[in-house]
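Notes for the one structure printed next.
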Number of protein chains: 2
Amino acid sequence: MSEPEPDFEMDLRCAQCPVRHHAICDALGASDIGELSDIMTHRTLTAGEVILHQGESSQLFAVIMSGVVKLTQILPDGREQIVGLLSAADSLGNPVSSLSNENAECVTDVKLCCFRRSQFGAVLRANPELEHRLLEQTVSDLKQARQWMTVLGKLGAQEKMARFILWLWKENRSACPHRSQGDPGSVIYFPLKREEIAGLLGMTIETVSRNISKLKSDGIIDLLDAKSIELRNVPRLQQIAQSYEDDHDQDNC
Amino acid sequence: MSEPEPDFEMDLRCAQCPVRHHAICDALGASDIGELSDIMTHRTLTAGEVILHQGESSQLFAVIMSGVVKLTQILPDGREQIVGLLSAADSLGNPVSSLSNENAECVTDVKLCCFRRSQFGAVLRANPELEHRLLEQTVSDLKQARQWMTVLGKLGAQEKMARFILWLWKENRSACPHRSQGDPGSVIYFPLKREEIAGLLGMTIETVSRNISKLKSDGIIDLLDAKSIELRNVPRLQQIAQSYEDDHDQDNC
DNA sequence: CGGATAATTGACTGGATTCAAGGGTAGTGG
DNA sequence: CCACTACCCTTGAATCCAGTCAATTATCCG
């Protein structure tokens, strides 16, 4: 139960990789990408599997090819806080130490592109552009963590829910920038249970549920099913969320 | 009021710098440090001065030589969350973009070693060891931000206070690892007002005050003055804080 | 269909905020 | 040196928001 069963598929090369140009490996050109493809292995995990344990040592460094992973911290008495959510093109694992600062657990089924820390570290040292890209991603993660600090520390339940929904919306949008029209059907799907939303926002499942219901009865959102929300009044939502218009984000993507 | 008045002193070189071997510049050896000393300027700021504004562009990147700086995020309605505290040897400013993600404001008088982003970036590109060191620091900051997320999201007022005091204690200890005996007089001084503690822990000044009083009346701490705490029962404090024994931290110094 | 897991809703409780008053302390100027 | 003021801290009382406990309904899968 502690170490997931590896599932190797050595045939798939970087050229066919769906996140080749969205993940940190984009920093390497066609001539250097071989350094990574030579040492990578693919692995498929199922929802609920634990990838990393907080405080424990691991040789894994990986890029997420598909699926969602949650980073959590667990208190001695069992309470769990979600401190990060990772999805396709994000990377996983501590790049500067073998000790993991958080637990990492699959929210959905997940496909990983895995490296041994030592081998990845060697490529990193040989390719400063790659390390620079890793720095950019870490700075971006830090920015997000600090934004969540503000949400957790200063916002009320209603405001937290609104922020969460708007955050989902933004993530959705940056993930699939296909439809160029005036975004007609603003339907968001998310794979998180109420318990996980609660774990992220620092509240209980009951409070999450109550506040979703409130937003629905106010006509601001509509619930298609428990994990699909349709936005009906975005400006109102932004107002409730105490968010500045839009974080004109020029980050990865 | 928006741009602090510079105060140049070109005479002081890196060799005399008190943080030369504790800050990121330690990554550069004696032969390369000149690249930095050639482009650095020292600046002295007084408590309350604002160094960076959230969402605004700035050409500043700096290393703190002395003093304490708080990083904050402010909501449209004025509520303020402290998302980070920086002190001697920490660096300040976004290394990958000119946009600042937070406000930075002096808590005490502060001495900075300043660089222009563009010039520092050039040194960074020429010295991968320096960029690696910056990555290490950013990862460390991210780890800390996520720990605060757990504090903000899951702990009660009493637990937050205990964590805060233990965090101060650890910071104190790593700052001056002089006295090697069994730490007899565990007195901690901190420059933060109640309002700032509240802003960091996601509570109000009144709740902060009440909980400090509670810890004092329980004999767990003693208050010498409003900003000096004496620890009287560390194990009890750790128990209240819901913290694991000690984050056997092998980080920077 | 049936059992298990997930989500909603209600009633009650409690801890933190809010509102308000009262001390303490530091810095200024007579 | 002391008085005065401004700011900071503490403490009390009342309120309120979110948590807890509990019951019901919905959904997913065998």
Side-chain angles (χ1 to χ4, degrees), chain A residues 46-48 70 75 77-82 107-109 151-165 189-218 221-229 240 242, chain B residues 46-48 70 75 77-82 107-109 151-165 189-218 221-229 240 242:
Chain A
T46 59
K70 62 176 175 181
L75 294 170
D77 67 2
R79 282 174 288 178
E80 174 179 311
Q81 175 70 40
I82 296 183
V107 172
T108 63
D109 290 354
V151 170
L152 290 166
K154 286 280 152 350
L155 299 189
Q158 184 102 338
E159 299 166 319
K160 285 178 178 176
M161 271 313 308
R163 277 248 181 163
F164 171 71
I165 294 170
Y189 169 81
F190 56 93
L192 303 177
K193 305 178 196 183
R194 295 291 181 271
E195 186 182 357
E196 289 165 324
I197 299 175
L200 176 64
L201 298 180
M203 42 206 251
T204 60
I205 26 180
E206 294 95 328
T207 305
V208 169
S209 187
R210 265 186 259 277
N211 282 276
I212 290 179
S213 299
K214 181 76 172 25
L215 289 173
K216 174 172 173 160
S217 71
D218 288 350
I221 61 168
D222 200 7
L223 270 186
L224 307 188
D225 65 73
K227 294 179 178 174
S228 298
I229 289 177
I240 295 174
Q242 292 277 339
Chain B
T46 59
K70 63 176 175 180
L75 293 171
D77 66 3
R79 282 174 287 178
E80 174 178 311
Q81 174 70 40
I82 296 183
V107 172
T108 64
D109 290 353
V151 170
L152 290 167
K154 286 279 155 342
L155 298 188
Q158 184 101 338
E159 298 167 319
K160 286 177 178 176
M161 271 313 308
R163 277 250 180 159
F164 171 71
I165 294 169
Y189 169 79
F190 55 93
L192 304 177
K193 305 177 193 179
R194 295 290 181 271
E195 186 182 356
E196 290 164 325
I197 301 175
L200 177 64
L201 298 180
M203 43 207 249
T204 60
I205 34 179
E206 293 96 329
T207 306
V208 169
S209 187
R210 267 185 257 276
N211 281 277
I212 290 179
S213 299
K214 180 76 168 29
L215 289 172
K216 174 171 174 161
S217 71
D218 289 351
I221 63 169
D222 201 8
L223 270 186
L224 308 188
D225 66 71
K227 295 178 179 177
S228 298
I229 290 177
I240 294 173
Q242 292 279 339

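In what follows, chains are A, B, ... by sequence order, proteins preceding strands, each numbered from 1.
The distance from atom CG of Leu215(B) to atom C1' of dT11(D) is 16 Å, rounded to the nearest whole Å. Nucleotide dG22(C) holds its P atom 16 Å from the CD atom of Glu206(B), rounded to whole Å. Straight-line distance from the NZ atom of Lys216(B) to the C1' atom of dT10(D): 11 Å, rounded to whole Å. Atoms CD (Gln158(A)) and P (dC17(D)) sit 11 Å apart, rounded to a whole Å. For the pair Ile212(B) CD1 and dT11(D) P, the interatomic distance rounds to 10 Å; values are reported in whole Å. Distance CD1 (Ile205(A)) to C1' (dT9(C)): 13 Å, rounded to an integer number of Å. With rounding to whole Å, Asp225(A) atom CG is found 10 Å from dT8(C) atom P. Here the C1' atom of nucleotide dA16(C) and the CG atom of Leu155(B) are 15 Å apart, to the nearest Å.
Pairing each heavy atom of Gln242(A) with each of Arg163(A), the nearest pair is O-NH2, 2.9 Å.
Using a 4.0 Å cut-off, some side-chain N or O of Arg194(B) falls inside it from OP1 or OP2 of dT10(D). OP1 or OP2 of dA16(C) has not a single side-chain nitrogen or oxygen of Thr204(B) nearer than 4.0 Å. The phosphate of dG19(D) has OP1 or OP2 within less than 4.0 Å of a side-chain N or O from Thr207(A).
Residue Ser213(A) has its side chain nearest to dT9(C) when only dC19(C), dA6(C), dT9(C) are considered. Among the nucleotides dA6(C), dT18(C), dA18(D), the one closest to the side chain of Ala157(A) is dA18(D). Picking from dT18(C), dT9(C), dC9(D) the nucleotide with the shortest atom distance to the side chain of Arg210(A) gives dT9(C). Looking at the side chain of Lys227(B), the nearest of the listed nucleotides dG19(D), dC9(D), dA7(C) is dC9(D).
Remark: side-chain polar atoms of Lys160(B) are paired, donor with acceptor, to backbone N or O of Leu201(B) under 3.5 angstrom. Checking side-chain atoms of Glu80(A) against main-chain N and O of Leu75(A) turns up no donor-acceptor pair under 3.5 Å. With hydrogens and angles ignored, the 3.5 Å screen pairs no side-chain donor or acceptor of Arg79(A) with any backbone N or O of Gly153(B).
To the nearest 0.5 Å, atom NZ of residue Lys216(A) and atom CG of residue Asp222(A) are 5.5 Å apart.
At the heavy-atom level, Leu223(B) lies under 4.0 Å from the strands shown only through sugar-phosphate atoms.
When each of Asn211(A) and Ala226(B) is assigned the nucleotide of DNA chain D bearing its nearest heavy atom, the one mapping closer to the 5' terminus is Ala226(B).
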